[in-house]
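Each remark here refers to the structure printed beneath this line.
A note on names: the letters A, B, ... follow the listed sequences, proteins ahead of strands, and every chain is numbered from 1. The figures that follow rest on heavy atoms only: side chains count, while hydrogens, waters and symmetry mates do not.
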Amino acid sequence: MTTFADLGLSQKVLSAVTDAGYTIPTPIQAGAIPPALQRRDILGIAQTGTGKTASFVLPMLTLLEKGRARARMPRTLILEPTRELAAQVAENFEKYGRNHKLNVALLIGGVSFDEQDRKLERGADVLICTPGRLLDHCERGKLLMTGVEILVIDEADRMLDMGFIPDIERIAKMIPFTRQTLFFSATMPPEIQKLADRFLQNPERIEVAKPSSTALTVTQRLVACHNKDYEKRAKLRELIGTQSELKNGIIFCNRKKDVADLYRSLERHGFSVGALHGDMDQRSRTNMLAGFKDNQITLLVASDVAARGLDIPDVSHVFNFDVPIHAEDYVHRIGRTGRAGRSGAAFTLVTRSDTKFLDAIEKLIGQTIEWHDGDISALPAPAESHDESRGKRGRDKGRERRGGHKSDTRSEYVKPVEASVEPVKAAEEVQVMEAIKVEPVATERKTDKRRDQNPRNNRNNPYPANDDNRDRRRNRHHDHDDGPTPVGFGDDIPAFMLIVAAAKA
DNA sequence: AAAAAAC
């Protein structure tokens, strides 16, 4: 059997790998590391969770042992689609590079340039970047790409989805043709193949798992639900309550606003919860993810920023609060659980209007997903005018045939209004929603005496930093509207508020 | 019907 010792890695790297507790490489590592060490180009087709990151980090560390970095001339460059993934790769360099004295610089947006500039000035052996911030540094003339020996393009298919390919091409043009290129993608659509053909020279191709396969260790279930947000939230809470095996879970929403709303709702209902989406300030993003990884937070409400690649080893549950619009996202989302051979559970709330997306998902994964407790036809017909379907018992005939077993979660819909506690909860939820509507960040800033009393406001603001853009615009038009300097945040003043405050000074 | 990424 192949071990890490057989792959040609240096002693320093091997000992770090051993210390981390690994002896047997994953297939992508066994396939990619030897040719990478021989300076071959690599085309790696692998999902995240296959050990892909180590398959380029380990050979890079070995190769970097020869030579030294010069100021502003990085020796290697890794491109990642999201800030979290970039940070995760940086952690891998720390972990496996503990016997090396390498300068690793993480160049991502949302944080200050100062420290990044300092690291570049010192000379970086490894540059780990999101494309926007890298180009920003280049334009500021802080960076010479002519010394880059190894270029890693990670998650290429996702870069394509996100429209990063032109940026990637600009960056690649600045790097000498003699470089070694390691190119990874979970899938190989024609555009990606074309890109790979242009970027790679005679690559070693390693394909490890069929794209769009879902781990067998993940139990997948569908949960029929009405389309109203408060009903979905009630259903989700109920579902969470029945999961005795739940250690922690990620709850995916399609929209950033819904991430913020659901986060607040769950928090109000006493859940240990965090939020993660791309319009939150970077500090909150980092804190929330760290809290979830440390088990300080049980539930993480997230947008698809967390769907791919995030390596959180022990997630027991994934909940799709919304059915993802793109079927591949389903595969990526539920791939956050059932990792490393562990078992996992994935529940997807499905409303009537989601059925076409659901069909696409089942087609993609090549299997039908079981309903958790009665399929979508078990729900009453949608109300024509107002949501009074609960009262319209005449419509409920179709459900009777499936009714009747224990602790039936559908009972809340079957029972007449007066026999169920659910409508009371629902009414309360409406108030929660109203509360959300009348409490946008901008309003809170002006009446921020209340902030002090609300511990939620002291850290980890899950509200879109977009709102600050709106604030800034608004402030431009109403110059008289110069509210007080933000108070009550302690050391955790969101970055955007500092910008507003600075603009005034 | 969305999200992600630079200021």
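Atom CG in A:L106 sits roughly 13 Å away from atom P in B:dA5 (whole-Å rounding). Between the C1' atom of B:dA4 and the CG atom of A:L79 lies a distance of 15 Å, rounded to the nearest Å. When the C1' atom of B:dA1 is taken as reference, atom NZ of A:K232 falls 11 Å away, rounded to whole Å. B:dA3 atom P lies 13 Å from atom CZ of A:R158, rounded to whole Å. With rounding to whole Å, A:I165 atom CD1 is found 16 Å from B:dA5 atom P. Nucleotide B:dA5 holds its P atom 15 Å from the CG atom of A:L107, rounded to whole Å. For the pair A:D304 CG and B:dA1 C1', the interatomic distance rounds to 13 Å; values are reported in whole Å. Atom CE in A:M162 sits roughly 12 Å away from atom C1' in B:dA2 (whole-Å rounding).
A sub-4.0 Å separation between OP1 or OP2 of B:dA5 and a side-chain N or O of A:R285 is present. For A:K257, no side-chain nitrogen or oxygen approaches OP1 or OP2 of B:dA2 to under 4.0 Å. The phosphate of B:dA2 has neither OP1 nor OP2 within less than 4.0 Å of any side-chain N or O from A:S303. For B:dA6, one of the phosphate oxygens OP1 or OP2 lies less than 4.0 angstrom from a side-chain nitrogen or oxygen of A:R83.
With A:S303 contributing its side chain and A:V259 its backbone, the two residues share no donor-acceptor pair below 3.5 Å. Formation of a donor-acceptor pair under 3.5 Å by the A:T82 side chain with backbone atoms of A:L85 is found in this model.
For the side chain to side chain donor-acceptor pair (under 3.5 Å) test, no residue two or more places apart in sequence or in another chain qualifies with A:E80. In this structure A:D354 satisfies the side chain to side chain donor-acceptor pair (under 3.5 Å) test together with A:T351, sequence neighbours excluded.
Here A:N254 lies in heavy-atom contact (under 4.0 Å) with sugar-phosphate atoms only. Residue contacts for A:D161: at a heavy-atom cut-off of 4.0 Å it reaches a base atom on one of the strands shown.
With a 6.0 Å radius and a threshold of 12 heavy atoms from other residues, nucleotides or ligands, A:Q243 has its CD atom above the threshold.
Scanning atom types as modelled, no donor and acceptor separated by under 3.5 angstrom connect the side chain of A:H277 and the base of B:dA3.
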